[in-house]
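What's counted below: heavy atoms across the whole structure, side chains too, no hydrogens, waters or symmetry copies.
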Amino acid sequence: QVQLVESGGGSVQAGGSLRLSCAVSGYASGAYCMGWFRQGPTKEREGVAAVAGYGYTTYADSVKGRFTISRDNAKNTLDLQMNGLKPEDTAMYYCAATAYVCSSDYLLQRAVYRNWGQGTQVTVSS
């Protein structure tokens, strides 16, 4: 059974940093594509950052230069380092993964991912 468990959320002031982590288990050969999504109040879930199995990474324009995604295949973990946080980054953050090969063109699309974590809340105050 595939499980994704996020940790590291919290409350910070604008300009602060947080590091989210996702522990992944249950894939026979490891997840191929992995990503972070977020859903703010009254908003749809959107892709924030993602990484393909061969290492290609992509970011939403709103977080480029501030967030960094990384994966450790040996530990089966996915991290998101978030610097320069803004109030508009406030959201529930979700880890997502799939064992299927996925195109770099679609890494930030929800439909690519078959497995999701329960989410971790990030709140940024001004």
Using every non-hydrogen atom in the two residues, find where Y54 and S104 come nearest and quote the distance to one decimal.
OH-CB, 3.5 Å

Do you know the tightest heavy-atom contact between G84 and S17?
N-OG, 4.4 Å

With side-chain contact (heavy atoms from CB on, under 4.5 Å) as the criterion, how do D89 and M82 come out once you've worked through the C-alpha distance, each side chain's angles and the decisive distance to 0.1 Å?
CA-CA 10 Å; D89 295 319; M82 305 185 295; over 6 Å; no

To the closest 0.5 Å, what do you measure between CZ (R66) and NZ (K86)?
4.5 Å

Taking the cut-offs as 6.0 angstrom to the six-membered ring centre and 45 degrees off its axis, would you call R114 and Y100 a cation-pi pair?
no

Looking at every non-hydrogen atom in both residues, tell me the closest pair between G8 and L18 and how far apart they are.
O-CD2, 3.9 Å

So, taking the atom named CG in D79 and the one named CZ in R71, what distance separates them when rounded to the nearest 0.5 Å?
11.5 Å

Quick check on Y106: does its OH atom have over 12 non-hydrogen neighbours (other residues, nucleotides or ligands) under 6.0 Å away?
no

Please round to the nearest 0.5 Å and tell me the distance separating atom CD of Q109 and atom OG of S103.
9.0 Å

Do L80 and R38 touch side chain to side chain, with heavy atoms closer than 4.5 Å?
no

Check: C22 and L4 side chains under 4.5 Å, non-hydrogen atoms:
yes

Go through the steps to decide whether Y93 and E6 satisfy the test side-chain contact (heavy atoms from CB on, under 4.5 Å), and finish with yes or no.
CA-CA 8 Å; Y93 282 72; E6 302 97 336; over 6 Å; no

ILVMFWY network linking I69 to Y113, side-chain heavy atoms under 4.5 angstrom
no

May I ask you to test the V24-N115 pair for a side-chain heavy-atom distance under 4.5 Å?
no

For the residue pair S70 and R19, what are the closest heavy atoms and their distance?
OG-NH2, 3.8 Å

For A14 and P87, work out which heavy atoms get closest and say how close.
CB-CD, 4.1 Å

Do the side chains of V124 and E88 get nearer than 4.5 Å, heavy atoms only?
no

Among side-chain atoms of Q81 and N83, is any donor-acceptor pair under 3.5 angstrom?
yes

Below 6.0 angstrom between ring centroids: does that apply to W116 and F37?
yes

Is it the case that more than 12 heavy atoms not belonging to Q118 sit under 6.0 Å from its CD atom?
no

Report yes or no: do M34 and V48 belong to one cluster of Ile/Leu/Val/Met/Phe/Trp/Tyr joined by side chain heavy-atom distances under 4.5 Å?
yes

What's the separation between atom OG1 in T123 and atom CD in Q13, rounded to the nearest 0.5 Å?
12.5 Å

Cluster check V122, W36: I/L/V/M/F/W/Y, side chain < 4.5 angstrom:
yes

Just wondering, do F67 and L85 contact through their side chains at under 4.5 Å, heavy atoms?
yes

Which heavy atom of L78 sits nearest a heavy atom of C95, and at what distance?
CD2-SG, 4.0 Å

Validation row: L108, Y59 side chains within 4.5 angstrom (heavy atoms)
no

Side chain proximity check, C102 to L107, heavy atoms < 4.5 angstrom:
yes

